[in-house]
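Taking it in order: structure first as C-alpha cells, then the write-up.
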Amino acid sequence: MLELGLLKSNKERTIQGLKKRNYSDEALLVIDRILAEDEARRNAQVELDNNLAESKRLAGEIGGLLKAGKASEAEAIKATVANLKEQAKDLENAMKVASERLEELLLSVPNIPHHSVPAGKSAEDNEVYKAWDKPLPVLAPGAQPHWELAKKYNIFDLDLGVKLTGAGFPVFRGKGARLERSLINFFLDEASRAGYEEIAPPLMVNKESARATGQLPDKEGQMYYVERDDLYLIPTAEVPVTNIYRDVIVDEKDFPIKMTGYTQCFRREAGSYGAHVRGLNRVHQFDKVEIVQIAHPDSSYEQLEGMIAHVSGLMDKLELPYRILRLCGGDMGFTSALTFDFEVWSAAQERWLEVSSVSNFETYQSNRLKVRFKDGNKTRLAHTLNGSALALARIVAALLENNQTPEGIRIPKVLQAYTGWDIID
RNA sequence: GGAGAAAUGGCAGAGCGGUUUAAUGCGGCGGUCUUGAAAACCGUUGUACUGAAAGGUACCGGGGGUUCGAAUCCCUCUUUCUCCGCCA
C-alpha cells in the first residue's frame with residue numbers, strides 16, 4: 001500500500017510514476033480523491049477527539065460530585081454527556097467511513113516505479129539489462145523438449161499427477177526427484193553462504209499475512225484457499241518469510257536482514273492452458289528457494305544489486321545461458337518499485353523462460369507489514385526486497401533440454417556432489 | 001474433539017467500576033561516582049493518529065455490549081496452559 005505521506009509530500013512524483021504505469025488522466029483523478037478522503041478523515045478525527053476529551057472531563061466531574069453527595073448536580077451533567085455521546089457516534093462513523101474509503105483507494109494504487117524503470121506497455125518493452133553474449137547451445141538433431149525427455153528417462157510424470165490430484169501437479173520420480181532435491185539443497189547452501197538465514201516456514205498463512213505482503217486483495221484468485229480453516233496456501237515463501245517481521249520495529253544495526261526459505265509454492269493460474277504452458281513451464285505446485293531482505297532505505301538498492309549478483313552466480317554455476325531484463329512500467333508487478341527478471345534459455349523450446357524475479361518494494365510492502373526502524377526519535381518504514389533463487393520447475397526444464405546428449409542428460413559439475421551421479425540415462 | 005484455567009508495557013508482575021496521565025521489579029538508554037568496569041544513586045524508557053506548538057485522542061489478546069465513567073462487569077472469537085481423547 002502506497003505511503004500516504006509520500007503521496008502528500010510529493011504529488012508530482014506520484015503522478016509521473018503512475019504515468020509510467022500508463023495511467024490515463026482520468027485514472028490519475030484517484031490521487032485527488034485520496035487527498036479529499038484524507039482531509040475528511042482528519043477533520044472528523046479532530047472533532048471526535050475534542051468531543052471525547054470533553055466527555056472524559058465531565059465523567060470525572062460526575063465522579064467527584066457523587067462522592068461529595070451532590071447527586072442532583074451529577075444528574076444534570078449526565079444529560080450533557082449523553083448528548084455529547086450522540087454526536088460522538090456520528091463523528092466516529094464519519095471517521096470510519098472516510099478511513100475505509102481512503103484505504104480502499106490507496107490499495108488500488110500501485111507502487112511508484114523507480115526512476116530507472118523504462119516506460120512501456122508490455123513485456124516487449126522491457127529493457128535487456130544484461131544480455132547473454134556467448135553463443136546459445138546448439139542441440140543435436142532430434143533434440144526433445146523437456147516433457148518428452150521426462151517420459152524417455154522417467155524423470156517426472158504429469159499424467160500421474162492428474163490421477164493423484166489434477167492438471168499441473170507433476171510427480172517427480174527416480175533421478176528426477178533426486179535432481180529436484182539436489183537443486184533445492186544447492187540453492188539453500190548458496191544462500192546460506194551468502195549470509196541469508198535459512199527459514200522453514202508454514203505453507204499456509206492466514207488473511208493477515210496474505211494481506212500484509214499484498215497478495216490480498218490483489219491476487220486473491222491466484223491462491224488456493226482452505227475455507228474451513230480460513231487459510232491460504234502460499235504462492236511463494238515471500239509471504240510467510242516476510243511476515244516474520246510484520247509489526248516489528250527493527251534495530252537499525254540489524255540491517256540488512258537477510259532470510260532464505262525453501263517452500264513448495266501453490267498457484268491456481270486459473271484459465272491458462274495451451275501449448276505455451278506445457279510440461280513444467282507453468283504448474284500449480286512447484287519448488288522454489290526465495291531470498292528476502294529487509295533493508296535500510298538508504299542502502300536497499302545496493303542490496304538489490306547484491307541479490308542480482310547472487311542469482312547470476314547461481315545461473316553461472318549451473319552453466320545455464322540466461323539474460324536479465326529490467327521490467328518496464330507496464331510489465332512490472334503491482335507492488336514493486338523496480339524488478340529484474342532472470343530468463344533462462346530453453347534450447348529445445350527455443351525461447352526464454354522466466355526463472356527469477358528480483359524486486360525492491362521500497363516501503364510499499366512495509367507500509368502494510370509495518371516493518372519499521374528508529375531513525376533518531378522518528379519511526380520510519382524499512383524497505384523490503386525479495387527474489388527467487390531460484391524457481392525449480394523451469395530450471396529443471398532448461399537443464400534437461402540444454403544438457404541433453406545422445407548418451408543422456410549431463411548434470412552440471414556443481415550439482416554432482418548433491419546428485420551423486422553425472423548423467424541421467 | 002471434551003473439561004477447566006488464563007491472556008496487562010521488552011520481560012516478570014500488581015490493579016478487578018471513578019486522580020491509572022497502568023504500581024513495583026528486571027532489562028534498555030542517559031548521567032553522577034570511578035583510571036576503567038561493577039555496585040550504588042539520579043533521571044529516562046511503548047505504538048498510532050491528530051495538532052504549527054502546547055497539547056489532545058485511541059490502544060491492557062481481537063470484536064461487540066452494559067455504564068455518566070471499563071484494564072476491571074457481560075457476550076463472542078482467537079490464542080496459551082493443565083487434564084482427557086485422537087494421532088505422524
Side-chain angles (χ1 to χ4, degrees), chain A residues 1-9 34-107 200-212 216 225-232 240 243-254 257 264 294 363 365-382:
Chain A
M1 184 166 66
L2 202 63
E3 248 185 297
L4 180 62
L6 231 62
L7 189 154
K8 280 161 77 174
S9 67
I34 286 172
L35 294 175
E37 288 301 342
D38 174 53
E39 200 183 334
R41 201 209 94 240
R42 284 187 357 253
N43 289 341
Q45 188 183 342
V46 169
E47 269 191 76
L48 176 65
D49 282 0
N50 290 338
N51 176 299
L52 290 175
E54 181 66 3
S55 295
K56 247 172 109 165
R57 195 183 62 76
L58 291 174
E61 225 170 85
I62 291 170
L65 289 170
L66 287 176
K67 260 190 189 155
K70 299 177 181 169
S72 60
E73 287 178 44
E75 284 305 318
I77 299 177
K78 275 191 192 181
T80 316
V81 177
N83 195 25
L84 279 172
K85 238 189 132 182
E86 271 311 302
Q87 293 170 21
K89 250 185 210 163
D90 292 341
L91 288 168
E92 213 168 288
N93 195 44
M95 193 170 113
K96 204 176 135 201
V97 167
S99 300
E100 281 169 0
R101 277 196 201 143
L102 178 63
E103 175 158 323
E104 199 181 312
L105 288 170
L106 278 173
L107 281 173
L203 302 183
M204 293 194 225
V205 294
N206 56 29
K207 276 203 165 69
E208 258 316 299
S209 295
R211 194 175 293 134
L216 290 178
Y225 174 55
V226 183
E227 191 168 8
R228 189 164 170 177
D229 298 291
D230 199 16
L231 295 171
Y232 293 86
N243 266 281
I244 290 173
Y245 282 90
R246 166 150 54 89
D247 287 322
V248 171
I249 296 181
V250 174
D251 198 324
E252 200 175 340
K253 60 178 184 286
D254 292 337
I257 293 164
Q264 315 219 335
I294 295 166
T363 59
Q365 225 174 25
S366 59
N367 191 28
R368 257 305 178 78
L369 281 160
K370 300 284 177 252
V371 197
R372 292 153 296 169
F373 67 99
K374 286 283 185 195
D375 188 10
N377 48 18
K378 264 198 324 201
T379 332
R380 287 177 61 193
L381 293 171

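Residue numbering restarts at 1 for every chain, and letters A, B, ... go by the order of the sequence lines.
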Paired with B/U80: which nucleotide, if any, by Watson-Crick or G-U wobble criteria at under 3.5 Å for both distances?
B/A5
Separation of B/G28 atom C1' from A/Lys374 atom NZ, nearest Å, is 13 Å
Separation of A/Gln45 atom CD from B/G55 atom C1', in whole Å?
14 Å
Mate of B/A38 where both pairing distances stay under 3.5 Å, Watson-Crick or G-U
none
Rounded to the Å, how far apart are A/Lys378 NZ and B/U47 P?
14 Å
Can you check the distance between B/A37 and B/U80, where both ends of the measurement are the P atom (answer in whole Å)?
45 Å
State, without any angle test, whether A/Asn206 and A/Ser209 hold a side-chain donor-acceptor pair at a distance under 3.5 Å.
yes
C1' atom, B/A6 versus B/A54: distance in rounded Å?
42 Å
Run the salt-bridge test on A/Arg211 and A/Glu208 with the 4.0 Å N-O cut-off and return the result as yes or no.
yes
Separation of B/G56 atom P from A/Asn50 atom CG, nearest Å, is 11 Å
Could you go through the salt bridge (charged side-chain N to carboxylate O under 4.0 Å, His left out) check for A/Arg57 and A/Glu61 one step at a time?
CA-CA 6 Å; A/Arg57 195 183 62 76; A/Glu61 225 170 85; 2.9 Å; yes
Mind listing the N/O atom pairs, protein and nucleotides 63-73 of chain B, below 3.5 Å?
{"from": "B/G69", "atom 1": "OP1", "to": "A/Lys85", "atom 2": "NZ", "distance (Å)": "3.2"}

Quote, to the nearest angstrom, the C1' distance that separates B/U67 from B/U72.
13 Å
Between B/A70 and B/C60, how far is it from one C1' atom to the other, in whole Å?
11 Å
Any salt bridge linking A/Glu92 with A/Lys89? Criterion: basic side-chain nitrogen under 4.0 Å from a carboxylate oxygen.
no
Measure from the side-chain N and O atoms of A/Asp38 to the backbone N and O of A/Leu102, and report whether any donor-acceptor pair falls under 3.5 Å.
no
Whom does B/U21 pair with, Watson-Crick or G-U wobble, provided both distances fall under 3.5 Å?
none
What does B/A88 pair with, Watson-Crick or G-U, if both distances are under 3.5 Å?
none
For the pair A/Ser366 (side chain) and A/Ala382 (backbone), establish whether a donor and an acceptor sit closer than 3.5 Å, ignoring hydrogens and angles.
yes
How close or far is atom C1' of B/G56 from atom CD of A/Glu47, stated in whole angstroms?
14 Å
Give the rounded distance in Å between these two atoms: CG of A/Asp254 and C1' of B/G28.
15 Å
Between A/Arg41 and B/C49, is there a contact of a side-chain N or O with OP1 or OP2 at under 4.0 Å?
no
Could you identify the nucleotide paired to B/G27, looking across every strand shown and requiring Watson-Crick or G-U wobble geometry with both distances under 3.5 Å?
B/U45
Just to be sure I understand the rule, does A/Leu48 reach a base, reach only the sugar-phosphate, or reach nothing, if contact means heavy atoms closer than 4.0 Å?
nothing
May I ask you to say what A/Lys56 touches in the nucleic acid, namely base, sugar-phosphate or nothing, with a heavy-atom cut-off under 4.0 Å?
sugar-phosphate
Nearest whole Å is fine: how far is B/A58 C1' from A/Asp49 CG?
8 Å
What nucleotide among B/U57, B/G51, B/U47 has an atom nearest to a side-chain atom of A/Arg372?
B/U47
Positive for side chain to side chain contact (heavy atoms under 4.5 Å, CB included) with A/Arg41, one of A/Glu103, A/Glu100, A/Met95:
A/Met95
What's A/Thr80 touching, base or sugar-phosphate or nothing? Going by heavy atoms closer than 4.0 Å.
nothing
Under a plain distance cut-off of 3.5 Å, with no hydrogens placed, do A/Tyr225 and A/Asp230 share a side-chain donor-acceptor pair?
yes
If I pick the P atom on B/G25 and the same atom on B/C75, what distance separates them, to the nearest angstrom?
36 Å
Taking atom P in both B/G51 and B/G64, compute the distance separating them and give it to the nearest angstrom.
25 Å
Would you mind pulling out the nucleotide paired to B/A71, Watson-Crick or G-U wobble, both distances under 3.5 Å?
none
Here's a test for you: under side chain to side chain contact (heavy atoms under 4.5 Å, CB included), which of A/Lys253, A/Lys378, A/Glu252 qualifies with A/Phe373?
A/Glu252
Quick one: look up who B/U66 pairs with, Watson-Crick or G-U, both distances under 3.5 Å, and put none if it's unpaired.
none
Take atom CG of A/Leu381 and atom C1' of B/U47, then tell me their distance rounded to the nearest Å.
13 Å
Pairwise C1' distance, B/A71 and B/A52 [rounded to whole Å]
35 Å
In whole Å, what separates the C1' atom of B/U47 from that of B/C86?
43 Å
